[in-house]
Amino acid sequence: MDINSTTDIHLAIEQLGLNGNCYALDQSVPPHKIIKWDADNKDPQPTDDELNTAYTAWKNANEYKLKRAEEYPDWSTQLDYIYHNGIDKWKTDIVDPVKAKYPKPS
């Protein structure tokens with residue numbers, strides 16, 4: 001099996017706990033592939049299936065964070081809102097609705 005075109009190998013390696021190893025990719029953003037796995041690494045190079053599975057697990061565990069980040073207004077807008085309305089109103093008007101829309105998985 002090949003690496004999926006959306007699999008981020010850096011995140012997959014982090015998910016597998018292999019980020020202490022030295023490796024090189026053919027490009028920094030997906031789709032990419034490992035072109036060098038250092039011979040001195042303490043761990044063997046993960047298979048394409050392991051990388052795909054690990055990235056899917058990472059994405060499932062962290063997708064809510066990405067969606068929340070896309071939904072929140074930029075920081076300057078949020079700080080302006082806090083200045084004019086207070087932190088409690090910011091929390092109830094801006095933060096809580098986004099967290100309710102994209103809850104953290106159990």
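Note that the coordinates shown come from a computational prediction; the quantities given were computed from them, not determined experimentally. Side-chain atoms are counted along with the backbone in the values below, which use heavy atoms only and exclude waters and symmetry mates.
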**OP:** Specify the closest pair of heavy atoms between P30 and S5, including all atoms of both residues, with the distance to one decimal.
**Re:** CB-O, 3.5 Å
Subject >> Spacing of I13 atom CD1 and L25 atom CG [to the nearest 0.5 Å] >> reply: 6.5 Å
Original post:
Of the non-hydrogen atoms in Y55 and L11, which two are nearest, and what is the gap between them?
Top reply: CE1-CD1, 4.1 Å
Original post:
Is there a donor-acceptor pair under 3.5 Å between the side chain of N41 and the backbone N or O of C22?
Top reply: yes
Original post:
Is a donor on one side and an acceptor on the other found under 3.5 Å between the side chain of N62 and the backbone of K65?
Top reply: no
**OP:** Identify the heavy atoms of R68 and Y102 that sit nearest to each other, and give their distance.
**Re:** NE-O, 3.0 Å
Original post:
Roughly how far, to the nearest 0.5 Å, is NE2 of H84 from CG of L79?
Top reply: 11.0 Å
Subject >> side chain to side chain contact (heavy atoms under 4.5 Å, CB included) assessment of D93 paired with Y81 >> reply: CA-CA 10 Å; D93 291 354; Y81 195 92; 2.3 Å; yes
**OP:** Identify the residue among T47, T7, T6 that makes a side chain to side chain donor-acceptor pair (under 3.5 Å) with N52.
**Re:** T7
Original post:
Is there a donor-acceptor contact under 3.5 Å from the side chain of D26 to the main chain of I35?
Top reply: no
Original post:
What are the two closest non-hydrogen atoms of Q15 and A57, and how far apart are they?
Top reply: NE2-CB, 3.9 Å
Original post:
Counting only N and O atoms by type, is there a donor-acceptor contact under 3.5 Å from the side chain of W37 to the main-chain atoms of D43?
Top reply: yes
Subject >> Side-chain touch D8/W58, heavy atoms, less than 4.5 angstrom >> reply: no
Original post:
What closest approach, in Å, do I3 and L51 show between heavy atoms, and which atom pair accounts for it?
Top reply: CD1-CD1, 3.5 Å
Original post:
What is the distance from atom OH of Y72 to atom NZ of K99, rounded to the nearest 0.5 Å?
Top reply: 5.5 Å
Subject >> Between CG on residue N4 and OG1 on residue T53, distance to nearest 0.5 Å >> reply: 9.0 Å
**OP:** Ignoring hydrogens and angles, tell me if any N or O in the side chain of Q27 forms a donor-acceptor pair with the backbone of P31 under 3.5 Å.
**Re:** yes
**OP:** Calculate, to the nearest 0.5 Å, the distance between atoms CD and CG belonging to E50 and D48 respectively.
**Re:** 9.5 Å
Original post:
Do you know which of D96, I94, D88, V95 makes side chain to side chain contact (heavy atoms under 4.5 Å, CB included) with T92?
Top reply: D96
Original post:
Can you name the nearest heavy-atom pair linking A61 to P105, along with the distance?
Top reply: O-CG, 4.1 Å
Original post:
How far does NE2 of H32 sit from CD1 of I9, to the nearest 0.5 angstrom?
Top reply: 4.0 Å
